[in-house]
Amino acid sequence: MTLDHVGIAAASPAARALFESLLGAAPYKVETVESEGVTTVFFGDGGRPGAAPKLELLETDAPDSPVGRFLASRGPGVHHLAFEVRDLDAALATVDALGLRRLGEPRPGADGKRIAFLHPKDTAGVLVELLETPRMPRETRRVDVPGGHVAVHVSGPAEAPPLVVLHGALGSTDLEMDRLVRFWERRFRVHAVDFRGHGASSALEGTPGWDDFTADALAAVEALPAFRLFGFSMGGAIALAVAARLGARVERLAVHGVNVRWSRADVDRMIGPMQATLASGGRWAERLEQTHGPGWERLVAQLAAFTEGLPEAHMPASLISAITASTLVSAGSADRYFDVSNAVGLYREIPDAQLWVVPGLDHPIQGVDAEAFARMVGDHLAG
Ligand code: CO
C-alpha cells in the first residue's frame, strides 16, 4: 500500500492558480467526476505509475456534494489521503475483517481508477481513500503440446513488442509474475506462460526434464516471429535454452535467480522444503493447492524427482555460449538457494551479457520491489 495522493478541498478556483505558482507547474490533468459532483485537478510527477505522491485539488460548486458539505462544515483544507492497493476487493475484505466502516461501495474515480472510502471516524479522523489501477484486459489462450496444453496469459497493447514471461518451478504466472506483468503490460504485449503441471495448464505425465518445459515454451512462442524473453529460476533456465535454440528470434533476454550447474548441495537445499511440505503440509501446501489445484502433491513429487536429476543434466556450455541475444543476468544477494557465483558464472559465459545483483533480495521473486525491478528489467528488454 503506497500513498498515491493527498486530496485538498478548494473553496475557490484561486486555489488552482495558487498551487500552479507555488509548484511552478500546471496541473497534468483536470477531470470532472460527475458521480461525486467534483472537478479534480492533479498536480505532480506527470501522473506516472509509482511516481511521488500527487496533489488532488477538489473543486465543486455543488453544495450538496460530499466535498461541498465538507467545505461548508470545515472550510478548505486537507480532505483525504489516498492509498494505492494492488487488489481493492482484497483490501476491503481486510477493512471489513478489522471492523472498519466504509463510506459506500467501490466506484469509478478520477484517473481511470477504482476507488473506495473508509469512514474517518474509524481511521483516526482522516478520510482514507483506497484506489486500484485497473488491469489491462487479459486473454488466456490454450496452446496444445504433446500430452496436454499450456495456458498462455496475453495482455497489453496489441501493437507493443511481445514479451514472453516464464515463471519458476512450482510457481505460476499468477503467483510469481503478476506483480511484474502489471508494469510490463503497459509497454509490452505480454505472453505469460504457465508450464505444464503448473497454474492453469494441464497436468504433467511422469518425471519431467528440461526438454519438456522447453517444449512448453517453444509451443507458446510458435506464432511469434520475434519476441523479448524473461525467465525466473527454472523459467530462467528454460529461457536460456529457448534463446540458444531460436537465435535472433529472441531479441532481448533477461533471466533472474537461475542456476544451470547444480551440485548435490543445491539439490538438497531445494528439495528439503518440498519433502517437508509433502509430509506435513503447512502454509506453503495451502498456497500450492490454491495455485495448482488438487494435483499439487503429484506436481511437488514430480519436481522433486526432476531436481534430483539436475546434477547429471547440466546445461552444456556450448548451449550457453550459443546465446546471441543481449542478456541481463540478475540475482538476489540473499538468495537462499543459489549463491551469486551462479549468476556471475552465467554472466561470464553468455557472450553479450550484463550482470545485476539486487541487494538483500532472497530467491522468491514475490520479494522484489516490483516497480523498480520491472523498470530495470523492462528497460533492458526494451533495448
Ligand atoms: Co482522491
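Keep in mind that this is a model prediction, so the values were computed, not measured. Whatever order the structure lists them in is the order used to number ligands and atoms, beginning at 1.
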>> Can you confirm if the aromatic rings of H80 and F70 lie within a centre distance of less than 6.0 Å?
In response: no
>> Checking one value in my table: which N/O/S atom of E56 lies closest to the Co ion (ligand 1)?
In response: OE1
For the residue pair [Y] / [X], report whether a side-chain donor-acceptor contact shorter than 3.5 Å exists.
X	Y	result
D194	T173	yes
D335	H363	yes
T214	D211	no

> Just wondering, is there an N, O or S atom on D4 that's nearer than 2.8 Å to the Co ion (ligand 1)?
Replying inline: no
> Looking from the Co ion (ligand 1), what is the angle between NE2 on H80 and OE1 on E129, to the nearest 10°?
Replying inline: 80°
